[in-house]
Trainee: 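Structure in structure tokens, see below.
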Protein chains: 2
Amino acid sequence: MTQTDAFLDAARHLLGERGITTDAELVSPWLTDWRGRYTGKARALASPASVQEVAGLVNLCRKFGVPIVPQGGNSGMSGGATPDDSGDAIVLSLRRMNSVRKFDSEAKQITCDAGLILQALHEMAEAKNLRFPLTLGGKGSATIGGLISTNAGGTQVLRHGSMRAQVLGIEAVMADGTVFDSLTPLKKDNRGFDLKQLLIGSEGTLGIITGATLRLVPALAQRAVLWAGLGELRDARKLLLHAEQIAGDALEGFEVLPHHTLASVLDHNPAARSPLQADHAWYALVELAADTSAGGNLSALAEHLLEEAFSAGLLEDATIAANETQAEQFWAIRDGVSAAERALGPAMQHDISVPVARMADFVVETVPKVEAKFPGTRAVAFGHLGDGNVHFHVLAPKGAQSGVWELEEGKAISGLVHDQVTSWGGSISAEHGIGQMKLDELARLADPVHLAIMRRVKQALDPDHLLNPGKLVPDLD
Amino acid sequence: MTQTDAFLDAARHLLGERGITTDAELVSPWLTDWRGRYTGKARALASPASVQEVAGLVNLCRKFGVPIVPQGGNSGMSGGATPDDSGDAIVLSLRRMNSVRKFDSEAKQITCDAGLILQALHEMAEAKNLRFPLTLGGKGSATIGGLISTNAGGTQVLRHGSMRAQVLGIEAVMADGTVFDSLTPLKKDNRGFDLKQLLIGSEGTLGIITGATLRLVPALAQRAVLWAGLGELRDARKLLLHAEQIAGDALEGFEVLPHHTLASVLDHNPAARSPLQADHAWYALVELAADTSAGGNLSALAEHLLEEAFSAGLLEDATIAANETQAEQFWAIRDGVSAAERALGPAMQHDISVPVARMADFVVETVPKVEAKFPGTRAVAFGHLGDGNVHFHVLAPKGAQSGVWELEEGKAISGLVHDQVTSWGGSISAEHGIGQMKLDELARLADPVHLAIMRRVKQALDPDHLLNPGKLVPDLD
């Protein structure tokens, strides 16, 4: 019997027939990331049903020297859940572990398995007149464990923070097979290093998240959604400060997009309508929201905000959604950007952040720089201005061949964008993580002191490099 | 020349005469913690003036094998900044490094040296119509670096979070003399492990914090302070839920104290007045606050809150501070508890947390248990109910001798309280950290998996145990 067979036998004994498979038809959908950028191989697909089974499997993998690639909904953006092509690793899917362990409406907390799907969490919260204040495009497949492992973001970070801010407790299986349990949520706990924080955003390289306790917030009692036309992006930053000052905690979201992006959405989706009569260089989508109706009327607050902004000369035009349908229509424009951009042909996409105050200047400087260096390209930036995070897309020249242009020109373009971001004190990965996609760029651009500490921590907690090898931590020997 | 002399010569060369001293008169005030519980010895007191000097000193210490005890305001509660009595270590004071590096009113951020004193930060923020939303009794001496190293709490955690939530960026000198710089605040940054989070609350055992970028919030536009008399502590939890529901984000603080504690404050401070006519078993001090006046009138909201709470039968009596003077008087009662308690004689103090929802039950069960097991003692719990964190004090029997009783009975009392806390899923250190005071109790009660991970991380980042030895991480070999 080969080592692989011995390992698979032992795993089958531990997990049962449902828990492990080598059937190519069952395994192969999970060997390619959803964007189709990366494809790997795996010895097997393991689907444990409990934290004890995960721990047992990790011990087995340790014994047989089998690397583990943890996977949630396989909806990541950086290839972090796709194995390499050696075929040495197993894919460890958490999808079978999708139970709610405890739902406490009064304390506004839920404890669940890592495989619970975001959409299901939203629905459960809504049914109890609560909400989970993080959402993103992949909510129908993204799992809680994956969202935590990648510290996911979205459009509500401005007010509610990223996934890190939603996590009250974590359960994880470490590389030595022990179970780290900090599920019980304590608002204050100063018993040493906050190891939970270390696991959040570690992309499965330090431990396999098997469960979590998350905060919920009250359901929205009211919201007001504004759409503004601006002469230039710097006015958006001023409008943001203005909105923070007037609306305070009620400011829930602040997104921007340039006219080029709005036009491509309108082209792509004939049902979409521009909220304003005329064209403007930039648009801001602003949401005010409140959990209670005690604080007064948000529509009145939104009107006050617009009046003040007009007086200050920040706006060319603006409108407030008259009802929920219209509010949804405004948001549908924003949510339709990705699909519309894809229809325009190949593009290099960059998920970057710089300090919020510098974002407008960064975009104003970087767009012409990129377009000048790569003639025929078009650089567009849109997204979460309130978080200092835009998606900076460089569209290929007309007629460029998809699959070829990216390879020929893409790397140099991304290199320039990342150089710019780094020189502005920013991050080459605001939301999407490093995975395998940005590993080389991280090695090239990160502070060597950061990298050295990361390597030491990785080495200390996973000395055999069993957990998600080839991801996030560059140049482990 | 001895090794010590060679080290001191080199240090003097690096730091200059102001930067290092062995003068007993200058050194000795920093060898005892402010509560007088711990006294140690030190080779010297070093006071570097810049991050480069700190890094140089760490390299020297590494070369000569000299342990380092970082110290801020020396106002910690757990002996975390006091050296042991071997005399091997130096005390590295950050107090000379107290500059503001950048104050950005628009972005509401400050970047400062670690030695900046909290009170000074408060005053600077106020001068710009902003505030730093964390305060505590030692604000006149506590430094930013110390507050970060201990993840300090206070009375505003309910709304604004502990120190961790205020920190946007950190600069620290690591044990190998490298400088970890993550001062530039990015709202979103997913470039690997969040090492900043690992340093926060690590009590100087992983790195020496030399600078930080902190968030500021708008100055308060209005507040409403309520004082309520309750029949039992469980009603306080119900009142808290009620206040969260009605006031939402405007709920700034929620403190409780039993009648025994109020009475001791009134005895100790003849100028203090009980806010209510009659006595009640428990009192709640509730603050609503808003950064803007846009959200409506908080007094009206406070009245609404009280009306609803009366209707629900949660209150025996209650009053709203009629003006700022009265609001300050309510808070002066809360802030006077420590001094009043001290005047009652010896006590064992415990800084504990359990899940917020369980705190009332925990106190109701634990108080009689402790008093029954240790006849003549009186157990009182007061503080941050909204955070699941109370200060659980066990007062000595009348006539007990200070300094003797603590040694004879104290350890057993604390052992019982900590056993109780642990069995309720709580923390033996909610706010004050582990330092040297709770090291044995942490070793006795912490989850072995947590401890093993802590030791590995410590070993990885400080293999020579140079940084604050004998603190926080138990049983390093």
Side-chain angles (χ1 to χ4, degrees), chain A residues 106-107 150-151 153 157 162 178-181 184-195 197-198 200-202 241 246 248-249 291-292 294-296 301 353 355-357 387-389 425-434 442 446-447 449-450 452-454 456-457 459-461 472-473, chain B residues 106-107 150-151 153 157 162 174 178-181 184-195 197-198 200-202 241 246 248-249 291-292 294-296 301 353 355-357 387-389 425-434 442 446-447 449-450 453-454 456-457 459-461 472-473:
Chain A
E106 196 178 76
T150 58
N151 185 29
V157 174
S162 63
T178 57
V179 178
F180 171 77
D181 179 351
T184 305
L186 296 171
K187 274 208 163 178
K188 288 182 178 170
D189 183 12
N190 278 342
R191 283 176 297 172
F193 316 153
D194 193 339
L195 301 167
Q197 300 292 348
L198 191 59
I200 298 170
S202 68
L241 288 170
I246 288 177
D249 286 338
D291 304 336
T292 70
L301 189 64
S353 65
V356 182
D387 306 322
N389 167 214
S427 171
I428 63 167
S429 175
E431 296 193 309
H432 296 167
I434 299 299
L442 186 70
D447 177 354
V449 175
H450 289 230
I453 300 174
M454 275 179 62
R456 285 184 183 196
V457 170
Q459 195 70 35
L461 298 185
L472 186 61
V473 190
Chain B
E106 197 178 76
T150 58
N151 185 28
V157 174
S162 62
M174 307 304 289
T178 56
V179 178
F180 171 77
D181 180 351
T184 304
L186 296 171
K187 274 208 163 178
K188 289 182 177 170
D189 183 12
N190 279 341
R191 283 176 296 172
F193 316 152
D194 192 339
L195 301 168
Q197 299 293 348
L198 191 58
I200 298 171
S202 68
L241 288 170
I246 289 176
D249 284 340
D291 304 338
T292 69
L301 189 63
S353 65
V356 181
D387 307 321
N389 167 213
S427 169
I428 63 167
S429 176
E431 294 192 310
H432 297 167
I434 299 299
L442 187 71
D447 176 352
V449 176
H450 288 229
I453 301 173
M454 276 179 63
R456 285 185 183 194
V457 171
Q459 195 69 36
L461 297 186
L472 187 59
V473 191

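Proteins come first, then strands; the chains are lettered A, B, ... in the order of their sequence lines, and each starts at number 1.
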Trainee: Under the rule for side chain to side chain contact (heavy atoms under 4.5 Å, CB included), what residues qualify as partners of A:Asp189, not counting sequence neighbours?
Mentor: A:Leu186, A:Arg191, B:Ser427
Trainee: Determine whether a donor-acceptor pair (N or O, by modelled atom type, separation under 3.5 Å) exists between the side chain of B:Asn190 and the backbone of A:Glu431.
Mentor: yes
Trainee: Roughly how far, to the nearest 0.5 Å, is CD of A:Gln459 from CZ of B:Arg456?
Mentor: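 Result: 11.0 Å between the selected atoms.
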Trainee: Quick check on B:Val473 against chain A: is it the side chain, the backbone, both or neither that has a heavy atom closer than 4.5 Å?
Mentor: side chain
Trainee: Given heavy-atom pairs under 4.5 angstrom as the criterion, report whether the side chain, backbone, both or neither of B:Asn151 touches chain A.
Mentor: both
Trainee: Quick one: what part of A:Asp387 sits under 4.5 Å from any heavy atom of chain B, side chain, backbone, both or neither?
Mentor: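 Contact with chain B: backbone and side chain both.
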Trainee: Any idea which heavy atoms bring B:Gly192 and A:Leu472 closest together, and the distance?
Mentor: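 Closest pair (atom of B:Gly192, atom of A:Leu472, distance): CA-CD1, 3.4 Å.
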Trainee: Non-hydrogen atoms of chain A under 4.5 Å away: do they reach the side chain of B:Leu442, the backbone, both or neither?
Mentor: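 Side chain only.
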Trainee: Do side-chain atoms of B:Asp194 reach the backbone of A:Gln197 as a donor and acceptor pair under 3.5 angstrom?
Mentor: no
Trainee: Of all the heavy-atom pairs spanning A:His450 and B:Leu195, show the shortest one and how long it is.
Mentor: O-CD1, 3.9 Å
Trainee: Do A:Lys187 and B:Val356 have side-chain heavy atoms sitting under 4.5 Å apart?
Mentor: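 A side-chain contact exists here, since the closest heavy-atom pair is under 4.5 Å.
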Trainee: Step by step, work out the side chain to side chain contact (heavy atoms under 4.5 Å, CB included) result for B:Leu461 and A:Ile453.
Mentor: CA-CA 7 Å; B:Leu461 297 186; A:Ile453 300 174; 3.8 Å; yes
Trainee: Among all residues two or more places apart in sequence or in another chain, which pass the side chain to side chain contact (heavy atoms under 4.5 Å, CB included) test with A:Ser202?
Mentor: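 Partners of A:Ser202 under the side chain to side chain contact (heavy atoms under 4.5 Å, CB included) test: A:Leu199, A:Thr205, A:Leu206, B:Phe193.
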Trainee: Under a 4.5 Å heavy-atom cutoff, which of A:Ala452, A:Ser429, A:Ala107, A:Gly201 has the most pairs with chain B?
Mentor: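 Looking at each of A:Ala452, A:Ser429, A:Ala107, A:Gly201 in turn, A:Ser429 comes out on top.
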Trainee: Among A:Pro355, A:Gly153, A:Gly248, who wins on heavy-atom pairs under 4.5 Å with chain B?
Mentor: A:Pro355
Trainee: In terms of heavy-atom pairs under 4.5 Å with chain B, which of A:Ala446, A:Gly388, A:Gly425 leads?
Mentor: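 Going by pairs under 4.5 Å, I would pick A:Gly425.
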